[in-house]
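Quantities reported herein were computed from a predicted structural model and do not represent experimental measurements. We number each residue from 1, following the sequence as shown.
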Amino acid sequence: MDFGFRYRHGVHAMQASFVDPAAVEAWDAWFRWREGNELRDVTIDATWSRVTRALCALAPGLPAQHEQQVGEAISSWRLLPDARVLAGAGQRHFVWPSDALYVGINLARFVSLPFTAKASFQRPALAETARLALRLVDDMYLAADGTGAPPRLGILGLADTLAMLGVDYASERGAQTAAQIARDFAAASLEAACELAAERGNRAHDAVIDAALHRAERLELAPAQRQRLCRHGLRLAPLTAIAAQPRLALVANNVADAISPLRGEKMPYRIVGANGQRRVTASGFAITLWRQLGARADETAFPFSTAATTSDADVARIRAAMTPWFDQVADTQPEAADSEAVAG
């Protein structure tokens with residue numbers, strides 16, 4: 001299905017291409033399959049294929065179209081499986097993680113015609129990807145025997161998304177747009193969890209379903225959808241989370257992590273992996289794309305807020321606008337080990 005991911009009219013982005021050098025180093029350091037001195041993932045396409053095959057093998061009864069959809073969603077950076085899955089799925093002796101499984105949806109990949117007057121956020125595409133993500137989360141959770149902390153569905157690239165839509169992160173409009181995106185994400189996730197429950201069975205307790213019905217009313221979902229929620233329940237809940245995932249954000253062409261602001265242009269990164277460390281200068285997805293699309297000659301600096309020009313109050317306003325629509329808000333700062341691995 002073509003959701004119109006165009007950087008210019010009639011021009012499609014290459015699905016599996018890197019545009020940020022830090023993302024290349026992150027992939028090579030953390031997610032590229034090696035056996036001794038032998039490279040098994042020769043290209044990023046090999047990584048996508050390895051992970052897609054492993055995920056789809058968990059549900060062998062689904063049609064071939066499902067594998068194509070999974071491959072397209074992952075290789076176009078729209079859907080990012082848990083970092084442990086991205087690193088190990090399809091390899092010998094891999095064990096599906098059972099604790100705090102995470103799948104991220106990269107919001108920046110749902111902006112059509114970015115940095116133009118016609119830029120828009122593709123809500124139908126987000127809903128379709130949420131349905132696919134929920135199915136994969138459930139498959140992985142079942143493969144791990146449904147033990148450990150509940151799985152989470154999160155977001156990446158909010159700050160990139162706002163800039164690509166022509167909205168400043170640190171503005172009041174930025175908070176309003178972030179809140180609307182959070183509502184869209186909440187509605188898509190809730191509907192997808194209900195659809196999956198109708199197919200595979202309910203896993204939510206009555207209190208969770210009551211809370212979901214209250215949220216459905218606040219989201220102004222159609223009465224028919226609320227009736228389906230009462231009838232079928234939810235396959236996975238509570239589910240949605242705002243949580244730091246710095247490694248996934250970096251490999252996804254260096255989008256901003258979760259709801260954090262953009263780092264800035266030509267920033268230093270130090271990426272530490274099993275084979276040592278590497279240093280690279282990079283600008284991140286949105287700023288790189290802005291340059292590639294032909295920033296005006298009089299625009300020598302990126303015209304939207306970055307971390308250097310964003311206050312704690314600005315970040316708090318974004319967080320407050322989005323929190324009511326998520327099931328869980330974890331610490332949005334990365335773990336110390338991950339922070340050291342990606343910091344400049």
Practice problem: List for me each residue that meets side-chain contact (heavy atoms from CB on, under 4.5 Å) alongside Ala282, sequence neighbours excluded, and say none if there are none. | Solution: Asp20, Pro21, Ala22, Asn254, Tyr269
Practice problem: Name all residues meeting the salt bridge (Lys or Arg N to Asp or Glu O under 4.0 Å) criterion together with Asp168; count only those two or more places apart in sequence or in a different chain, and write none if there are none. | Solution: none
Practice problem: Only counting residues at least two apart or in another chain, list the ones meeting salt bridge (Lys or Arg N to Asp or Glu O under 4.0 Å) with Glu265. | Solution: Arg291
Tell me the salt bridge (Lys or Arg N to Asp or Glu O under 4.0 Å) pairs involving [range], sequence neighbours left out?
{"range": "residues 212-237", "value": "Asp138-Arg235, Arg215-Asp327"}
{"range": "residues 151-165", "value": "none"}
{"range": "residues 23-32", "value": "Glu25-Arg278, Asp28-Arg32, Asp28-Arg34, Asp28-Arg278"}

Practice problem: Tell me, please, which residues at least two apart from Trp33 pass ring-ring contact (aromatic ring centres under 6.0 Å, His included). | Solution: none
Using side chain to side chain donor-acceptor pair (under 3.5 Å) as the criterion, list what pairs up with [X], not counting sequence neighbours.
{"X": "Glu199", "answer": "Arg135"}
{"X": "Thr309", "answer": "none"}
{"X": "Asp314", "answer": "Ser311, Arg317"}

Quiz item: Taking only residues at least two apart or on different chains, which pairs with a member in residues 125-152 satisfy ring pair (Phe, Tyr, Trp, His ring centres under 6.0 Å)?
Solution: none
Practice problem: Quick one: which residue pairs count as a ring pair (Phe, Tyr, Trp, His ring centres under 6.0 Å) with a foot in residues 165-211, not counting sequence neighbours? | Solution: Phe185-Phe326
Practice problem: Using a strict 4.0 Å threshold on nitrogen-to-oxygen distance, state whether Asp139 and Arg200 make a salt bridge. | Solution: yes
Does the side chain of [X] come under 3.5 Å of the side chain of [Y] through a donor N or O and an acceptor N or O?
{"X": "Ser189", "Y": "Glu191", "result": "no"}
{"X": "Arg173", "Y": "Ser171", "result": "no"}
{"X": "Gln180", "Y": "Gln176", "result": "no"}

Practice problem: Look only at the side chain of Trp30 and the backbone of Val272, and say whether a donor-acceptor pair between them is shorter than 3.5 Å. | Solution: yes
